[in-house]
Amino acid sequence: MPASTPIGIDLGTTFSVVAYLDSTGRPCTITNSEGDLITPSVVLLDGTSSVVGKEAVKAAGMEPDRIADFAKRDMGSMFYSKKVGGEQLPPEVIQSLILEKLKRDAELKLGPIDKAVVTVPAFFNEPRRKATQDAAQLAGLQILDIINEPTAAAIAFGYQVGFLDAKGEARQKETILVYDLGGGTFDVTLMEIEGSDFTAIATGGDVYLGGIDWDRRLADHIADKFRDKHHGFDPRQDAAGIQRLLKEAEDAKRSLSARDSVTITFEHVGQGIRLPITRAEFEEMTADLLERTRFTIRSLLKEARLQWSDLTRLLLVGGSSRMPMVQKMLEEESGLKVDRSLSPDEAVAHGAALYAGLLMARDVPTAAGKPAAKPAMRVRNVSSHDLGVLSKDPATGRSVNSVIIPRNTVLPVTKGKRYRTAKVGQKSIVINVIEGGDGAGRNSTPIGRCTIRELPSDFPAGSIVEVYFTYGENGRLKVEGRLPELRRKATLSIERASGLNDDKLNEWGDRLKAGRGR
Ligand code: AMP
């Protein structure tokens, strides 16, 4: 049986895009069954069946309680932020329904598909990465790998814009800043491209900042004006009103990327308002949001010990980077011209398809049955959060976060920490693993409780137990224990603080399969 074509999926907060490599090794975006290049990451749940994409968006105003959107923001949490159809769903399940639709649509063009590279924001922490892989598994996809969105974008730009030569190597060393402002997340990454090596040198961002925040600002402005006009009657009082406000705001926002002013018309329960708004006013009411991105970039440059003058290129990715205020701010800050040569919507999926091509062997046929031209690149990432263990200071009783792997360490990386047993015959050691947070572990993300068990019953007090933490190239964590005095591995298990465990994953897998089979 011929191997299936691998696809690259940009699983976005608001929109998702799928690409594959054609017979010449060129990335192409796949149109969905509605004929569009991008698919809204929105799910309408109706009992056990679901509708994903444009049709779900259409229904959002009428049936807001059945709509799941922005689920990507909740990845890594136990549950999606609101009940859908009366049920609390894990965000992985919502994402898997989106992935399943993308896979199905791609199959119309390419035949059966089972392998994919899925992109994640560089700033995604480990539980969010795991959740993404789990969602793909639920959708029946074998994940070749997950790759950071800015890295994918840099690959696509490199290959398509022409700062790489025919051999796929950078003509000169490039130090680029990838500014990725999507629908719900903001990512900024500094990358070096030398020859065919793509190396992320530092990454930062905000998983709670994206186009939706600009929409909300404008929606609030419309609602305030509406309330002033209609004696305190607030359209934000019901869910359908909020959905329609957001829709109007998003439309106006997009228009303001092309025009200096628009007039918004909004109607609610028989009352209406016409509201002219200029781009300058919109920029003023959202200036603090843009400032947050400027602040993140400045901190990142400082951390990487780079000046703006060290950069050779600015790449803009993500639909929200179309807002003229973004380009203006970046060009003002850097003195460089923004590179706008690739569609910000497609770059990430194209990079993912190129990366999928890299991961597959040369002899894997493409859609046209010929071997794909294998991009000869090497991709290196950095960790996006500190990895630490939380312990109690015996003297003060306070929590202490000991950082084992600092953020922005080149991946893959393995670091060990040495523990000693406290008493004779101690059976186990428990370690609390966290990501991020301050010196006391405040504002950190708990990864889980790691237990080293079945220590030998005659183990003397003070025996050494070593724990090794490995971040793979894709930011996924593996923990191993060793008993060096006995020259053997220790039995170790992790009880994860969030996400789906194997049992739950199987349970949901069965349930989703049953839903599909109907
Ligand atoms: P992404 O997740 O990268 O697809 O980005 C989607 C976000 O980009 C949404 O918040 C859109 O409202 C926003 N967006 C798309 N096109 C434009 C535009 N022309 N002007 C402003 N925002 C846009």
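Numbering of ligands and ligand atoms starts at 1, following listing order. What you are looking at is a predicted structure, and each value in this text was computed from that prediction instead of being measured. FYI, the numbering just counts along the sequence from 1.
Ring planes of Phe226 and His268: perpendicular class, angle over 60° (limits at 30 and 60°).
The structure places CD1 of Ile143 at 9.5 Å from CG of Asp134, a figure rounded to the nearest 0.5 Å.
Each of Thr189, Asn381, Thr151 was checked for a side chain to side chain donor-acceptor pair (under 3.5 Å) with Thr203, and the lone residue meeting it is Thr189.
The salt bridge (charged side-chain N to carboxylate O under 4.0 Å, His left out) pairs that include a residue from residues 344-354 are Arg322-Asp345, where partners are two or more places apart or lie in different chains.
Taking the side chain as every heavy atom from C-beta outward, Thr119 and Asn148 never approach each other to under 4.5 Å.
No side-chain donor-acceptor contact under 3.5 Å links Asp310 and Thr175.
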Provide, line by line, the atom pairs where ligand 1 and the protein bring an N/O atom each to a distance under 3.5 Å; else say none.
| unit_1 | atom_1 | unit_2 | atom_2 | d |
| --- | --- | --- | --- | --- |
| ligand 1 | 2 (O) | Thr14 | OG1 | 3.0 |
| ligand 1 | 2 (O) | Gly183 | N | 3.1 |
| ligand 1 | 3 (O) | Gly319 | N | 3.0 |
| ligand 1 | 5 (O) | Gly183 | N | 3.4 |
| ligand 1 | 5 (O) | Gly319 | N | 3.2 |
| ligand 1 | 8 (O) | Ser320 | N | 3.1 |
| ligand 1 | 8 (O) | Ser320 | OG | 3.4 |
| ligand 1 | 10 (O) | Lys253 | NZ | 3.3 |
| ligand 1 | 12 (O) | Glu250 | OE2 | 2.5 |
| ligand 1 | 12 (O) | Lys253 | NZ | 2.7 |
| ligand 1 | 14 (N) | Gly319 | O | 3.4 |
| ligand 1 | 16 (N) | Arg254 | NH1 | 3.4 |
| ligand 1 | 16 (N) | Arg322 | NH1 | 3.3 |
| ligand 1 | 20 (N) | Ser257 | OG | 2.6 |

